[in-house]
Structure formats: structure tokens, C-alpha cells
Asks: 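Quick one: the structure is below, and I'll ask about it shortly.
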Amino acid sequence: MKITVIGTGYVGLPTGVGLAELGNDVICLDIDEKKINQLKSGKVTIFEEGLEDLFQKNTANGKVTFSTSFAESIPESDLVILAVGTPPNPITKEADMKYIKAAAEELAHHLSGYTVIAIKSTVPVNTGNAVEDIIRRTNPSADFDVISLPEFLREGFAIHDFFNPDRIIVGANSERAKDVIRTLYEPFKDKCTILYVSRQSSETIKYASNAFLAMKIQYINEMADFCETSGADIYEVAKGMGLDSRIGAKFLVPGPGYGGFCFPKDTNAMAYMGKFNGVDLSLIETTIKSNERRKINMAKRILDMVSDKKNPTIAVLGSAFKGGTDDCRESPALQIIEIMLAHDVNIRLYDPQAMPNTKAILGNMITYCNSAYEAIGGADALAVLTDWAEFKELDLEKIKMLLTKPQIADYRNTFDCKKAKELGFEIKSLGRKL
Ligand code: NAD
């Protein structure tokens, strides 16, 4: 099948490369010329486990190519996948549809022959109708169907998730469009459920799923807080809860709050849609507030550790919103760092992959280090904010020697608390017996 993926970011690039690996001819299209030039020159623009190899293989054999030209890519395509960003409106927090609308209008000019337009971006309910209207208005003779094809990949596992989806949701009103999708996903037909629903249901499934997951994270975070006051251990509690198949064992790990490009903006967008439709979505609104409070509390706990020192220095490990990605968008780590900076704290940061993205946001407000130990050297406390596996390998005895005072805020429960205490550390971890 000939496919154009519009938007070559954290979703579009792994999707395009994955579809090429399945044998399709894919053009990844983006308006960001710099990004496309980098991809054309053989450089992967994001960090994702397993992406580099698939990228090199499928660019070498010509199955995936890159372009900034709608005129070059759209007419040949049987399927056009929209994977552009839908960032929050800074004031209302509703999903901003400007990129979707611009892409829909531009692609409409170049449609030729029957084409399925699949919206993979996370979009408010009824966006399918809006995109259909834009295309029909722009090119009244075009032969097309618009479907909803929401994306459920996890950053850090994008390639794994592409080839091993839990489910594929297709919101389509036309049998002709469903046939195209059946052909596309033929390799997955025995691997997972492919659920065909209405466009509106499909659009809602994505938001309802993300809001539920955000709520689950915040729930276990609150339980971790409770454990700290009750003598219980959050891992024992989570294990006991997770054995109930109605609850499930996943996403029951405490942390410094949820972040990333999806949960914060999607919970806000869902809350906005609730207000707009006159529906009480107070569970989601409470989740958003609880997550905001959590990051402030997390920063406060670190500040308390160094309250006896003027202009203290904190070594921070991790700025990505979670391990396995270089994505810093809405990262709790960055939000905690920003609160600390406002309290005249010096930050020495190390992240295995996210340093360039962090520099683009924080510039020269902090010190960037080449290794975890370099960041820790001379700091008054250590804060672990991202769950990179390599941080688990750090040597507590060496850390103790490098810090001016043995204190750790371990918000990813990286270290063995018992061992840390035996070595004389003051350690603040989440929901564990100390
Ligand atoms: P991103 O910002 O990484 O990528 C979006 C890309 O779209 C950018 O490269 C941008 O230049 C490009 N773009 C914008 N307007 C364009 C246009 N008119 N024509 C061509 N390209 C255009 O965003 P992302 O993280 O890949 O997310 C994309 C969508 O997928 C969002 O709606 C997001 O909510 C959703 N989503 C993201 C994830 C995730 O983990 N990141 C998971 C599921 C769903």
C-alpha cells in the first residue's frame, strides 16, 4: 500500500518506519524542513529503542522516504495518516486543532483517486466531521473517507508497541475505508482485537483511556503518600491490588507525577470537552489538580533537605518525562527543577538522552554534566527524577563520597532504602518502609 504519514514526530516517525517494515511504501511528510533534511541525511530525530535499526534498513531499501511536499506525496497515496501535534491552547487548555486543519486543507488540494484519510493525532470528538468538511469544501470532487485511527503507543516502547498492539481501534463509517484498514492491518489480525466503531466513539476511546490511565497513576501516587504515614509499603500494596484482574498490575508504580506530551494535555482537553458539553467530569478535574499539587510537594521535599544552606546545589538525575525517551514535554522533572530554581537552588543535571531537549528549554539556567557522578560531585543532595535503568547501577558508596551531605530524594525508588540507611543516607523515597 502507498502511504503518506503527515507529521514526523514521536508518533509519525515510528509509525512510518513500522508501516514500511510491514512492506508498505511510506512517505513521511513534515513542514519542518530541518527535521526532514536530517532524516534524509540518515539521522534519526528522536530517541526510541529499536528505531535506529529499522530506520536504517527501510531507508536503505527505499521503503520509507521523507518529504516536505504535499504535491509529491499525496496524489500517489491510498492512505494518508495525520499524525501532527494537537497541543493544548495555553488559555482554555482545549486541544488546538490548527495543525490538523492546516494539514487537512493542504492535503485536500492534492487528493487523486480514492484515498482514506486516517486521523492518528489525538483529537476532540467530532474532529472527523470537521476534517471531512474542510476537505469537501477545499476539493469538492475528491473521492475520500475520513476515519479515526487513534494511537496508543508508549514513548520508549514505540517500536515494540507498533508491532505488538494491545488493540487497534478504527472509527469508520464507510465499508470501503474499513477494507483499506483490514488490508493494512492484515499482519495483526490474529495478534490483537481490531475494533471497528463509530468515529465519535473512536475519538472518545483515546481520551477516555488516557484520562483513566492518568487517574490510575495519580491514585497510586496518593496511596504511596498514604503508605508513608501508615507503615505500609506501596510495592506490597500495589502487588496485592494488581492481583485483582479488575484492577490489573500495570501502572501501579509511584512517581513524581505524570507528564509527557499526552496525559497532561489529554486530561485537560477531556475536562474542557466535559465543560463544553455540560457534563460533570470532576474525577478528571481532580486528577489534574492532584497531579499539579504532587509536583509542588515533590519539589518542597527536596527543598526541605537543603533548607539549612544558602544557594544549595542539587544533583538531578533525569529530565525526560520517563526513562526510555528523550522527550521532555511536560516532564515532572523539569517542573520540579523550575520550582527549585525559583528558590535559588543551583542544579547540576545529567540525563542519558534528554540533554539536548532540556538545553532547548532551560538554556543556561542549570549546569549540564556528562555523567551521573559528575552531576553528583560537590552537590548538597541528589534527586532522582526519571526512571532510567542505568541509575539503578550507581554505587551508593561512591555517591556518598561525592555529595557534601548524604541525602537523596529518590522519586523513582531507584535505590535500596535499607542499604542507603545503613550507609548513613537520609533518603526520601515514595511509599516505602524506611
Ligand atoms: P510531535 O510534535 O512530536 O510531532 C508532530 C509533527 O507534526 C511535527 O514534526 C510538526 O512539524 C508536524 N506538523 C505540524 N503541522 C504540520 C503540517 N501541517 N504538515 C505536516 N507536518 C506538520 O507530536 P507527537 O508526539 O508525534 O504527537 C502527534 C499526535 O499524536 C498528537 O495528537 C498526540 O497527542 C498524539 N499521540 C502522541 C503520543 C506520544 O506518545 N507522543 C501517543 C499517542 C498519541
Side-chain angles (χ1 to χ4, degrees), residues 4-18 27-39 44-49 51 66-74 80-89 93-110 117-124 127 131 134 138 148-162 165-169 202-203 205-207 209-211 213-214 258-270 320-322 324-331 357 360:
T4 295
V5 181
I6 303 182
T8 312
Y10 285 90
V11 168
L13 186 58
T15 302
V17 170
I27 300 177
C28 286
L29 170 67
D30 206 289
I31 47 170
D32 184 337
E33 242 172 79
K34 198 170 146 221
K35 196 179 269 191
I36 292 299
N37 285 338
Q38 205 175 323
L39 291 162
V44 180
T45 43
I46 55 170
F47 174 74
E48 265 298 340
E49 190 72 42
L51 179 59
F66 302 95
S67 175
T68 53
S69 163
F70 283 73
E72 195 179 276
S73 51
I74 303 295
V80 175
I81 296 177
L82 277 173
V84 299
T86 48
N89 175 302
K93 309 271 189 218
E94 69 191 292
D96 189 339
M97 288 294 102
K98 67 173 179 249
Y99 300 114
I100 290 279
K101 286 180 179 164
E105 201 170 313
E106 184 63 29
L107 77 86
H109 290 292
H110 304 286
I117 290 111
I119 305 176
K120 191 161 261 312
S121 304
T122 304
V123 292
T127 297
V131 167
I134 290 170
T138 314
S148 162
L149 193 64
E151 181 54 62
F152 297 97
L153 65 77
R154 297 163 299 163
E155 280 183 33
F157 299 91
I159 296 298
H160 172 273
D161 290 353
F162 178 88
D166 283 337
R167 82 295 210 191
I168 292 168
I169 305 290
S202 173
E203 290 162 340
I205 285 168
K206 176 64 194 176
Y207 279 112
S209 301
N210 271 5
L213 291 172
Y258 61 77
F261 189 49
C262 292
F263 291 161
K265 82 173 172 60
D266 293 349
T267 43
N268 275 306
M270 187 77 224
F321 82 93
K322 63 175 185 175
T325 179
D326 60 354
D327 195 351
C328 292
R329 292 177 292 183
E330 294 289 324
S331 170
N357 285 341

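Just so you know, ligand 1 is whichever comes first in the structure, and atom 1 is the first atom listed for that ligand.
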Asks: May I ask you to check if ligand 1 and K35 share an N or O to N or O distance below 3.5 Å?
Replies: yes

Asks: Please list the nearest protein heavy atom to atom 39 (C) of ligand 1 with its residue and the distance rounded to 0.1 Å.
Replies: E155 OE2, 3.3 Å

Asks: Mind checking whether F70 contacts ligand 1 via backbone (N, CA, C, O), side chain (CB onward), both or neither, at a 4.0 Å heavy-atom cut-off?
Replies: side chain

Asks: If you measure from each non-hydrogen atom of Y10 to ligand 1, which part falls under 4.0 Å: side chain, backbone, both or neither?
Replies: both

Asks: Would you indicate which of L153, I46, V123, D30 comes nearest to atom 10 (C) of ligand 1 when only heavy atoms are counted?
Replies: D30

Asks: Okay, side chain of K120, backbone of I81: is any donor-acceptor separation there less than 3.5 Å?
Replies: no

Asks: Only heavy atoms of E151, strictly under 4.0 Å: list the atoms of ligand 1 that pass.
Replies: 43 (C), 44 (C)

Asks: Given I36, I100, V84, T45, identify the one with the heavy atom nearest to atom 13 (N) of ligand 1.
Replies: V84

Asks: Do K120 and ligand 1 have an N or O pair less than 3.5 Å apart?
Replies: no

Asks: Please write down residue, atom name and distance for the protein heavy atom closest to atom 32 (O) of ligand 1.
Replies: T86 OG1, 2.6 Å

Asks: Answer with side chain, backbone, both or neither: which part of E33 has a heavy atom less than 4.0 angstrom from an atom of ligand 1?
Replies: neither

Asks: Do Q38 and T45 have side-chain N/O donor and acceptor atoms under 3.5 Å apart?
Replies: no

Asks: So is K265 close enough to ligand 1, meaning a heavy atom under 4.0 angstrom away?
Replies: yes

Asks: Give the atoms of ligand 1, by number and element, whose distance to some non-hydrogen atom of G7 is under 4.0 Å.
Replies: 6 (C), 7 (O), 12 (C), 21 (N)

Asks: Look at atom 25 (O) of ligand 1 and say which protein heavy atom is nearest, naming residue and atom and giving the distance to 0.1 Å.
Replies: R329 NH2, 2.9 Å

Asks: What's the spacing between E151 CD and I119 CD1 if we round to 0.5 Å?
Replies: 14.0 Å

Asks: Classify the contact between E106 and ligand 1 as side chain, backbone, both or neither, using a heavy-atom distance cut-off of under 4.0 Å.
Replies: neither

Asks: Can any side-chain N or O of D96 pair as donor or acceptor with the backbone N or O of P88 at less than 3.5 Å?
Replies: no

Asks: Looking only at protein heavy atoms, which one is nearest to atom 21 (N) of ligand 1, and how far off is it?
Replies: I31 N, 3.5 Å

Asks: Identify, by atom number and element, the atoms of ligand 1 in contact range of A103, meaning under 4.0 Å from any of its heavy atoms.
Replies: 18 (N)

Asks: Write out the residue and atom name of the closest protein heavy atom to atom 26 (O) of ligand 1, then the distance separating them to 0.1 Å.
Replies: V11 N, 2.8 Å

Asks: Do me a favour and list the nearest non-hydrogen protein atom to atom 4 (O) of ligand 1 with residue, atom name and distance?
Replies: G9 CA, 3.3 Å

Asks: For V84, does its backbone N or O pair with a side-chain atom of S121 as donor and acceptor, under 3.5 Å?
Replies: yes

Asks: Less than 3.5 Å between some nitrogen or oxygen of T122 and one of ligand 1, yes or no?
Replies: yes

Asks: Look only at the side chain of K101 and the backbone of I134, and say whether a donor-acceptor pair between them is shorter than 3.5 Å.
Replies: no

Asks: Does the E203 side chain pair with the main chain of V123, one donor and one acceptor, at a distance under 3.5 Å?
Replies: no

Asks: Does some non-hydrogen atom of R154 fall short of 4.0 Å from ligand 1?
Replies: no

Asks: Near F152 CZ, under 6.0 Å, is it more than 12 heavy atoms from other residues, nucleotides or ligands?
Replies: yes

Asks: Report the part of A83 in contact with ligand 1, treating N, CA, C, O as backbone and CB onward as side chain, heavy atoms under 4.0 Å; options are side chain, backbone, both, neither.
Replies: backbone

Asks: Atom 5 (C) of ligand 1: which protein heavy atom is closest, and how many Å away?
Replies: G85 N, 3.6 Å

Asks: Within the 4.0 Å heavy-atom shell around C262, which atoms of ligand 1 are there?
Replies: 36 (N), 37 (C), 38 (C), 39 (C), 40 (O), 42 (C)

Asks: What about I6: any of its N or O atoms under 3.5 Å from an N or O on ligand 1?
Replies: no

Asks: For G156, does its backbone N or O pair with a side-chain atom of E48 as donor and acceptor, under 3.5 Å?
Replies: yes

Asks: Between ligand 1 and F152, can you find any atom pair, the residue atom being a heavy atom, that is separated by under 4.0 Å?
Replies: no

Asks: At what distance, to the nearest 0.5 angstrom, does NZ of K265 lie from CZ of R329?
Replies: 8.5 Å

Asks: Report yes if some heavy atom in the side chain of Y207 is under 4.5 Å from a heavy atom in the side chain of T122; otherwise report no.
Replies: yes

Asks: Checking a contact table here: which protein heavy atom is nearest atom 27 (O) of ligand 1, and how many Å away?
Replies: F261 CE2, 3.6 Å

Asks: Regarding S209 and R167, is there a side-chain donor-to-acceptor distance under 3.5 Å anywhere?
Replies: yes

Asks: Is there a donor-acceptor contact under 3.5 Å from the side chain of S73 to the main chain of S69?
Replies: yes

Asks: Quickly, which of T8, I6, L39 forms a side chain to side chain contact (heavy atoms under 4.5 Å, CB included) with D30? Name it, please.
Replies: T8

Asks: Is a donor from one side chain sitting under 3.5 angstrom from an acceptor on the other, for Y10 and D326?
Replies: yes

